[in-house]
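Below is one structure; the comments refer to it alone.
Count residues from 1 along the sequence. FYI, side chains are in, hydrogens and waters are out, and symmetry mates aren't considered; it's all heavy atoms of this structure.
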Amino acid sequence: AAQMTSADVIVVMEVRHVEEIRRRFPDAVSRVHLLPLYEPAGRYGPRERINLLDPFNQGPDAFAHSYRRIDAAIDGLVAAIELRMPG
């Protein structure tokens, strides 16, 4: 709870994470960023576009796929955060 209260940015991978934060920490929702939405557009279907699923127990290819998606989204996330920063 303390981390949710003090965090300036909260990055999540799946819509269910956003929903859980909305339920448990409604005041934090404005600071939540759904990482897959910062990937370049047009790569995935609607469900995968908003969810970057945990590759646990899915083997090295699934981990590599998740890593590539995270890597592709980071630049967009950083740019969005920088736009909101004063100065």
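- When every heavy atom of A72 is checked against every heavy atom of P40, the shortest pair comes out as O-CD, 3.8 Å.
- When side chains are defined from C-beta on, L35 does not count as touching L37, because their heavy atoms never get closer than 4.5 Å.
- Judged purely by atom type and a 3.5 angstrom limit, N51 has no side-chain atom pairing as donor or acceptor with the backbone of M13.
- Looking at every heavy atom in both residues, V12 comes nearest to P36 through O-CD, 4.0 Å.
- In terms of hydrophobic clustering, with Ile, Leu, Val, Met, Phe, Trp and Tyr side chains grouped at heavy-atom distances under 4.5 Å, L52 and L77 are assigned to a common cluster.
- A 4.5 Å side-chain heavy-atom check between E14 and L53 finds at least one atom pair inside the cut-off.
- V78 and L34 fall into different hydrophobic clusters, defined by Ile, Leu, Val, Met, Phe, Trp and Tyr side-chain heavy atoms under 4.5 Å apart, directly or through other members.
- Y38 has its side chain within reach of H33: a pair of non-hydrogen atoms, C-beta onward, lies under 4.5 Å apart.
- The line from CD of E39 to CD1 of I50 is 12.0 Å long, rounded to the nearest 0.5 Å.
- Atom-to-atom distance recorded for R23:CZ and E20:CD is 4.0 Å, nearest 0.5 angstrom.
- Salt-bridge check for E19 with R16: failed, with every basic side-chain N at 4.0 Å or more from each acidic carboxylate O.
- Using a 4.5 Å heavy-atom cutoff, the side chains of M4 and R24 are not in contact.
- The two residues A1 and F25 come nearest to each other via the heavy atoms CA-CE2, 3.7 Å.
- Under the 4.5 Å side-chain contact rule for hydrophobic residues, I74 and F63 do not share a cluster.
- In this structure, CZ in R49 is found 8.5 Å from CZ in R69, a value given to the nearest 0.5 Å.
- Residues V15 and I21 share a hydrophobic cluster, clusters being chains of Ile/Leu/Val/Met/Phe/Trp/Tyr side chains in contact below 4.5 Å.
- Counting heavy-atom neighbours within 6.0 Å of Y67 OH, excluding the residue itself, gives a total of 12 or less.
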